[in-house]
There are 2 protein chains.
Amino acid sequence: MSAIHEEERLDQMSNTLKLLGDKTRLTIMKLVDEQECCVCELVEIFKASQPSISQHLRKLKDAGLVKENRKGQWIFYSVNPDSKQNELIRSLLSSLPSQVYKIEELEKKGLRISCG
Amino acid sequence: MSAIHEEERLDQMSNTLKLLGDKTRLTIMKLVDEQECCVCELVEIFKASQPSISQHLRKLKDAGLVKENRKGQWIFYSVNPDSKQNELIRSLLSSLPSQVYKIEELEKKGLRISCG
DNA sequence: TGCGTATATAAGCATATGCTTATATAATGA
DNA sequence: TCATTATATAAGCATATGCTTATATACGCA
C-alpha cells in the first residue's frame with residue numbers, strides 16, 4: 001500500500017536479483033535446492049577455488065537465502081525455505097534446468113561426500 | 001536436455017537478473033511496463049541525471065528488454081513483449097507494486113509528456 | 001595433544017559498474 | 001538556417017565486485 005513498503009519491496013527484490021545475477025551463485029542455488037552440498041563438493045563441481053566458493057556462500061547466507069547444516073567436519077548448504085524471498089526464489093529456480101547431473105558426475109568420480 | 005542448453009539458460013538468466021539487480025533499472029522496467037515513458041519523464045521521476053537514465057535504458061535495450069518508440073523529439077520506452085526473457089520478466093514484474101502513482105505525480109506537476 | 005582435512009576470513013588486486021561532466025546527434029519551430 | 005529541446009555517447013573517476021594468496025578456525029582422529 002504505502003510508498004514506504006513499495007520502496008522496500010523494490011529494494012529487497014533488486015538486492016536478491018543482484019545476488020542471483022552471478023552465474024556461479026545462481027547455479028549454486030539451483031544445485032543446493034535439489035541436493036544439499038558441502039563446500040568441497042561445490043569446489044569440485046565449479047572448478048573454483050575454495051575461498052571463492054566460500055565467499056559466494058557467505059553472500060547467500062548473509063542474505064538468508066541458504067542455510068548451513070554442519071555434519072562433522074563438513075558444512076552442508078541448502079536453500080533456506082524460511083527466507084523472506086522464498087517465493088521469488090522458488091519461482092526463479094523452478095524455471096532452471098536440473099543440476100542434479102553434476103552431483104551424479106561427482107558420485108561417479110567417487111568424490112561425493114556422504115555422511116549419515 | 002543437453003548440458004549446452006542448460007549452460008545457456010543459466011547464462012541468460014544470470015545476465016538478466018544482473019541487469020535487474022539494480023533498483024533503478026528494476027523500477028524503470030516496472031514503470032514502463034505499466035505506461036510507456038520518455039527519458040525526460042524518467043529523469044524527473046528518479047531525480048537522476050539525463051545521462052544516467054539514458055545509460056540504464058541503453059543496457060536494457062541492448063539486452064532486448066525494452067523497445068523504443070520515437071514520437072517527435074521524444075523517445076518513449078516500453079517493455080519489449082518479444083524479448084527472449086519475456087516470461088521471466090513477466091513473472092518478476094508481476095510481483096512488484098504498481099508504480100503508476102509516480103506517473104500520476106508527474107501529471108499533477110504538469111510534467112507529463114503527452115503527444116498523441 | 002598434535003596432525004590432517006574442511007571451511008572461513010583477511011588482504012590485495014584487476015576488472016566491472018554507475019555516476020559525473022562535456023559534447024555530439026536528432027528533431028522542432030521560428 | 002538557427003536556436004531550443006530531447007536524447008545519446010564519450011571520457012574520467014570513485015566504488016563495488018570477484019578473484020587470488022595467505023592465514024585462521026573448527027572438527028575428527030590417532
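Chain A is the first sequence line, chain B the second, and so forth, proteins listed ahead of strands; every chain is numbered from 1. The basis for the numbers below is simple: all heavy atoms, side chains too, and nothing from hydrogens, waters or symmetry mates.
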**Q.** D/dA6 phosphate, OP1 or OP2, under 4.0 Å from B/Y77 side-chain N/O
**A.** no
(Q) Strictly below 4.0 Å: does A/S54 bring a side-chain N or O up to OP1 or OP2 of C/dT7? (A) no
Q: Establish whether the base of D/dA6 is bridged to the side chain of B/Q50 by a donor-acceptor pair shorter than 3.5 Å.
A: no
(Q) In this structure, how many angstroms lie between the P atom of D/dA8 and the NZ atom of B/K59, rounded? (A) 15 Å
**Q.** Residues from residues 18-29 of chain B lying under 4.0 Å of DNA chain D - heavy atoms
**A.** none
Q: Compare every heavy atom of B/S83 with every heavy atom of B/G64, then report the nearest pair and how far apart it is.
A: O-CB, 3.4 Å
Q | Interatomic distance, B/L20 atom CG to B/K18 atom NZ [nearest 0.5 angstrom] | A | 12.5 Å
Q) Can you find a side-chain donor-acceptor pair between B/E34 and B/S98 that sits under 3.5 Å? A) yes
Q: Would you please say whether a donor-acceptor pair under 3.5 Å links the side chains of B/Y77 and B/E36?
A: no
Q. Does the side chain of B/R58 get closer than 4.0 angstrom to OP1 or OP2 of D/dT9 through an N or O atom?
A. yes
Q. Has B/H56 got a side-chain N or O lying under 4.0 Å from the OP1 or OP2 atom of C/dT17?
A. no
Q: Respond yes when some side-chain nitrogen or oxygen of A/S52 is under 4.0 Å from OP1 or OP2 of D/dC19, and no when none is.
A: yes
Q | A/L10 and B/Q99, any side-chain heavy atoms less than 4.5 Å apart | A | yes
**Q.** Heavy-atom side-chain contact between A/L92 and A/K30 under 4.5 Å
**A.** no
Q) What about B/Q55, does its side chain sit under 3.5 Å from the base of C/dT20 through a donor-acceptor pair? A) yes
